[in-house]
Amino acid sequence: MHDAYLETSILSIAIQIESIAAYDDNLLVGTREGHLLLYNVPSVLDDNYKLELLRYSRRFLRKRVTQIDVVPEYNLLIILADNIVYILDLKTQNFPVVSTLHKTRGATIFTLKNQSSTGDKTTDVCLCVAVKRKLQVYSWKGENLKEIKDFELTVPDIPRELAWCGETLVLGFRGLSYTILELNGKTKELFPTGKSLEPSVTKLCDNSFVLGKDSQSFIMDTKGELIQHNPVKWSDMPSAVAWDDPYLLGIVHDKLEIYTIEGCLHIQTIKDLNKARLIYRCKQGTVFVASISHIWCVRAVDITLQIRTLLEQTQFQLALKLTNLLDVTEEEKTKQIYKIQTLYAHHLFRSKRFQEAMDVFLKIGTDPYEVIILFPDLVTPSSSNPEVTDPTLPKLQDHDLEKGLRALISFLTAVRHKLISDTKPKDKDNDKEKSVVEGEKNMTAVATEQLLKIIDTTLLKCYLQTTDALVAPLLRLNHCHLAEAEKTLLMHQKYSELIILYETKGQHKKALELLEKHAKGNDLSLKGTARTIQYLQHLGKDHMDLILKFAGWVLNEDPEQGLRIFMEDIQEVEQLPRPKVLDYLLRCHKDLVITYLEYVVHVWKDTNPLCHNILIHQYKEKCLASMSKDATPAEQKAAQHLRQKLRQFLEKSAHYTPETILVHLPFDNLFEERAIILTRLGRHQQVLSIYINLLNDIEMATKYCDYVYTKYQDLSTADKQKQTNGADEVFTMLIQQLLKPDSEGVLMTVCSPETQRTLQPDLEMALELLEKHASKINPLKALEVLPDTVPIGRIKHFLEVSLQEKLNARRGIQVLKSLLCAEHLQVQEQRMHYESQSVLMTEFNICSVCKKRFGNQSAFARYPNGDLVHYSCRDRKG
């Protein structure tokens, strides 16, 4: 796909190469004859390069050096020769032996793990050696090799491959399978090595590794799970594999094949590596490959050049991985990553992989407007940005357009949610932090609002083309640009949603005008008065003028339902100024006033006298109109029902103004209603005159007297003394009205001259009431009003009852007087008893609470049982 590495032949020797290792710019070679050679490899391999031999040990033990590795932190060289592990000094000529691990006799392979200690500059070194079917584990820290500790683990067979991965060992057995072994002895068998028999284990990092099976390499974690299901597929079985992030390099016959782990992409094949069989990664970007007599240095092409090539080939993921390897500042690296991810997202978009593109845009925090302009039809050209069309963008239609819009909706919704969450105030205990947060909030508030406006307006356009049902929920809590959203909704004839937009933007007049316009249209959601009533109900008292303006056509169209604008169990409706509503109804819809006031008074329990007075006045007007000579029988029946409601309201309501109501009552009608009002005012003489002289209803007059007298008797003595309206003499007034009708011209104040008539005394009825209610009538007052011609025998019963009543009252007073005198004597006796008791205070008296003596100036208290306490201790005594 591209040239990721360049190979250079750096060494050709006559002796046979058995093993290699490298660190920094140094190359170590172990031979079959037992030689150890250390070369310095120049960082730049030009035509004039020359390897420098730094150290050389001839015929070490005269045995082949099977395996070699290095610990550069401690200048130690670890080799496996003659089936024994030796530790050599790397910095000294001829590599003298530092330590011989005699217990490793019979070893076939070893592996190293170097790990820096936390908070320490030193390095922990772990060594695992396979000695037949046993694994010997050594560890030490620092250069003091006397601290070596070892323990052994037994495995099923002789390992042919061995690697450390974190705290786990990965083993490969020839012709068998791969096994994961933890240091506590717990094992997990993986899968067979395949037809090749020979295992292949390559460490990637501390928690992942690559296992070979035939011509495939599988990537796994230390739990034995596949990290990705797609294996790397070589052209044939590789003889050796190395990992150089982000590439996996494998020797296949005389070629070096290079693949990526992610995507398993074939990157490059380096040919003409004659009989290559060994591979060793020195450092990032440098790998050594060796045959029996030849060594090649394989170095990565400059990363910047690779990234440029990969971007041209649209291999963005690999370019991102290489960017992480750049030797630049974090800030520059972040900018480069953002640039590549942006290019990748645009590539995905042009490939019509819309959701993947939006996921990348969201991940890198791309400006939403840059994403929106990918859909030119969603952007309205402006003076500052007249051209929004990019000719390279794909022309989206039908299914592709819908798919793209849905992906955009997902992106914008996520950005919108984050913006709204970020703008919510956060509690801060520190005042300084608070001020900083508020300052930043003020600086970004305008920009955030503008961005939300763009996002919501775009979402509206997307929903209209994809999912109509989501338009209304968006508009109920939106930041849309009013003019642009209005234009869009009108274009799609979404009038119901347009009303929601007007409502959220406070454009109530526009919304109500649109509702009125479409009330008789074909749109079922807007047809009729229901939507307008609901809208007006929630406007509230601040828009009272607007409510009254648009309530008119609703009340004309449907008075019963329209009145719900002013009388519904909704907070905004209940808080409307009732005097204003009442004035409007009186002026424009007088027939609805009674219904409104009845709701206000009976449901909302309004105690405003104005409402009660007007309701009574409306009842009165309706009654008088229905009682006219021209009224139909139905109207007369309605008048009777309405008059009954009026009387009940006059009796029950305690909040109207009787004086005001009385002034406006007619003098030639509604006498019972006048009597009820006069009752409230305590004008008993006038009430009785109406019942006797106008209504000729002795029974009602008697009931009235009973009511007044009983109410008077229930008062306290003090309240009785305050009474000045003669409630105690109400029966006397009744007798007087029967004997001397309208003797004081009372009728002149309660009716018109046309309704007055000639009245005759009714002595028999007066005497009958006198006997029946004798106990409630003052005899002296009654005798004053009775004619002198009345025989004494006719009032005998009355006089006997009255006399007995007075005698009973006198006896009651005498008994009460005697009881009060006895109580007084008892109190005096008790007082004398307590005054006769004395208390002797000496210097030996002790407070029963605090147990301290009383001082000369101590205030004290004495309890009934005789205990003495300090005055300050009195409340603490249990």
Side-chain angles (χ1 to χ4, degrees), residues 1-2 4-5 161-172 177-182 187-196 198-252 256-269 279 281 284 287 300 303 306-307 310 313-325 337 340-341 344-345 347-348 351 353 355-357 359-360 362-364:
M1 187 165 56
H2 77 281
Y5 291 90
E161 285 288 341
L162 187 62
W164 278 103
C165 282
E167 299 301 319
T168 303
L169 286 166
V170 183
L171 297 85
S177 63
Y178 296 100
T179 300
I180 294 176
L181 175 64
E182 297 180 8
T187 63
K188 181 177 181 179
E189 188 172 337
L190 301 180
F191 52 82
T193 58
K195 298 178 182 179
S196 62
E198 290 297 333
S200 171
V201 178
T202 305
K203 176 182 176 181
L204 298 180
C205 59
D206 283 342
N207 56 12
S208 62
F209 50 88
V210 175
L211 300 182
K213 183 179 181 181
D214 298 333
S215 62
Q216 298 179 346
S217 292
F218 296 88
I219 297 89
M220 310 193 71
D221 59 19
T222 52
K223 295 180 180 179
E225 303 292 337
L226 282 172
I227 294 178
Q228 65 181 44
H229 293 284
N230 295 330
V232 175
K233 297 180 180 180
W234 310 91
S235 61
D236 201 348
M237 181 183 65
S239 58
V241 178
W243 166 249
D244 183 41
D245 193 17
Y247 301 117
L248 195 64
L249 296 82
I251 299 175
V252 181
L256 181 65
E257 296 184 359
I258 302 165
Y259 287 81
T260 61
I261 293 291
E262 291 186 13
C264 304
L265 299 175
H266 176 246
I267 300 300
Q268 182 184 5
T269 298
I279 187 169
R281 177 185 179 273
Q284 181 63 48
V287 178
I303 292 178
Q306 287 194 63
I307 292 173
L310 289 170
Q313 298 177 355
T314 67
Q315 295 296 325
F316 300 99
Q317 296 294 351
L318 186 54
L320 284 172
K321 283 195 166 294
L322 289 175
T323 303
N324 289 318
L325 302 176
I337 290 174
I340 294 173
Q341 287 180 318
Y344 177 49
H347 169 72
L348 291 172
S351 302
R353 296 160 62 184
Q355 190 57 57
E356 294 177 62
D359 290 342
V360 176
L362 186 63
K363 178 181 178 182
I364 64 178

Problem set entry | Where Cys205 and Cys165 come nearest, the two heavy atoms and their spacing | O-SG, 3.9 Å

Problem set entry | Intermediate values then yes/no, side-chain contact (heavy atoms from CB on, under 4.5 Å), Leu211 and Val201 | CA-CA 5 Å; Leu211 300 182; Val201 178; 3.7 Å; yes

Problem set entry | Ser217 vs Trp234 side-chain heavy atoms within contact, under 4.5 Å | yes

Exercise. About how many Å separate CG of Asn230 and CD of Glu262, when rounded to the nearest 0.5 Å?
Worked result: 11.5 Å

For this session: Show your working on side-chain contact (heavy atoms from CB on, under 4.5 Å) between Leu226 and Ile219 and close with a plain yes or no.
Result: CA-CA 6 Å; Leu226 282 172; Ile219 297 89; over 6 Å; no

Problem set entry | Euclidean distance, Thr187 OG1 relative to Leu169 CG, rounded to 0.5 Å | 12.0 Å

Exercise. Has the side chain of Gln284 got a donor or acceptor atom that lies under 3.5 Å from a matching backbone atom of Asp245?
Worked result: yes

For this session: Under the salt bridge (charged side-chain N to carboxylate O under 4.0 Å, His left out) rule, collect the residues that match up with Lys188, sequence neighbours excluded.
Result: Glu225

For this session: Determine whether Glu161 and Leu171 make a side-chain contact, defined as any pair of heavy atoms from C-beta on separated by less than 4.5 Å.
Result: no

For this session: Would you check if the side chain of Ser208 reaches a backbone N or O of Leu204 as a donor-acceptor pair within less than 3.5 Å?
Result: no

For this session: Give a yes or no answer on whether the side chain of Tyr259 reaches the backbone of Lys233 with a donor-acceptor pair at less than 3.5 Å.
Result: yes

Exercise. In Å, rounded to the nearest 0.5 Å, how long is the span from SG of Cys264 to CG of Leu248?
Worked result: 9.5 Å

Problem set entry | Residue pair Gln306 / His2, side-chain donor-acceptor N/O under 3.5 Å | yes

Problem set entry | Least distance between heavy atoms, Val360 atom then Ala345 atom | CG1-CB, 3.8 Å

Exercise. Do Glu189 and Thr179 get their side chains close enough for a donor-acceptor pair, meaning under 3.5 Å?
Worked result: no

For this session: May I ask you to test the Leu190-Met220 pair for a side-chain heavy-atom distance under 4.5 Å?
Result: yes

For this session: List in chain and number order the residues that pass salt bridge (charged side-chain N to carboxylate O under 4.0 Å, His left out) with Lys213, two or more places apart in sequence or in another chain; answer none if no residue qualifies.
Result: none

Exercise. Parallel, tilted or perpendicular: which describes the rings of Tyr178 and Phe191, with under 30° parallel and over 60° perpendicular?
Worked result: perpendicular

Exercise. Would a distance-only check, ignoring hydrogens and angles, find a side-chain to backbone donor-acceptor pair under 3.5 Å from Thr260 to Leu265?
Worked result: yes

For this session: Check step by step if side-chain contact (heavy atoms from CB on, under 4.5 Å) holds for Gln341 and Phe316.
Result: CA-CA 7 Å; Gln341 287 180 318; Phe316 300 99; over 6 Å; no

Exercise. Which pair of non-hydrogen atoms, one from Leu325 and one from Pro246, has the smallest distance, and what is that distance?
Worked result: CD1-CD, 3.9 Å

Exercise. Would you call Asp214-Lys195 a salt bridge at under 4.0 Å N-O?
Worked result: no

For this session: Before giving the answer on side-chain contact (heavy atoms from CB on, under 4.5 Å), spell out for Leu310 and Leu322 the whole-Å C-alpha distance, their side-chain angles and the decisive distance to 0.1 Å.
Result: CA-CA 10 Å; Leu310 289 170; Leu322 289 175; 3.4 Å; yes

For this session: Evaluate the side-chain proximity of Val210 to Trp243: yes if any heavy-atom separation is below 4.5 Å, no if none is.
Result: no

Exercise. Which distance, rounded to the nearest 0.5 Å, do you find between the CZ of Arg281 and the NZ of Lys203?
Worked result: 11.0 Å

Exercise. Does any non-hydrogen side-chain atom of Ile279 lie less than 4.5 Å from one of Val287?
Worked result: yes

Exercise. Would you say Tyr344's side chain and Thr314's backbone share a donor-acceptor pair under 3.5 angstrom?
Worked result: no

For this session: Output the distance between atom OH (Tyr5) and atom CG (Leu256), rounded to the nearest 0.5 Å.
Result: 9.0 Å

Exercise. Just by modelled atom types, is the Ile261 backbone N or O under 3.5 Å from a matching donor or acceptor in the Gln228 side chain?
Worked result: yes

Problem set entry | Side chain to side chain, Ile340 and Thr323, heavy atoms closer than 4.5 Å | yes

Exercise. If only atom types and distance count, is the side chain of Asp244 paired as donor or acceptor with the main-chain N or O of Tyr247 below 3.5 Å?
Worked result: no

Seminar exercise, completed: Ile267 and Ala4 have their tightest heavy-atom pair at CG2-CB, 3.9 Å

Seminar exercise, completed: CD (Glu167) and OG1 (Thr222) are apart, to the nearest 0.5 Å, by 10.0 Å

Problem set entry | Beyond-backbone contact of Ile307 with Leu320, side-chain heavy atoms, under 4.5 angstrom | no

Problem set entry | Shortest non-hydrogen contact between Pro231 and His229, atoms and distance | CD-O, 3.3 Å

Exercise. Any chance the side chains of Glu257 and Ser235 put a donor and an acceptor closer than 3.5 Å?
Worked result: yes

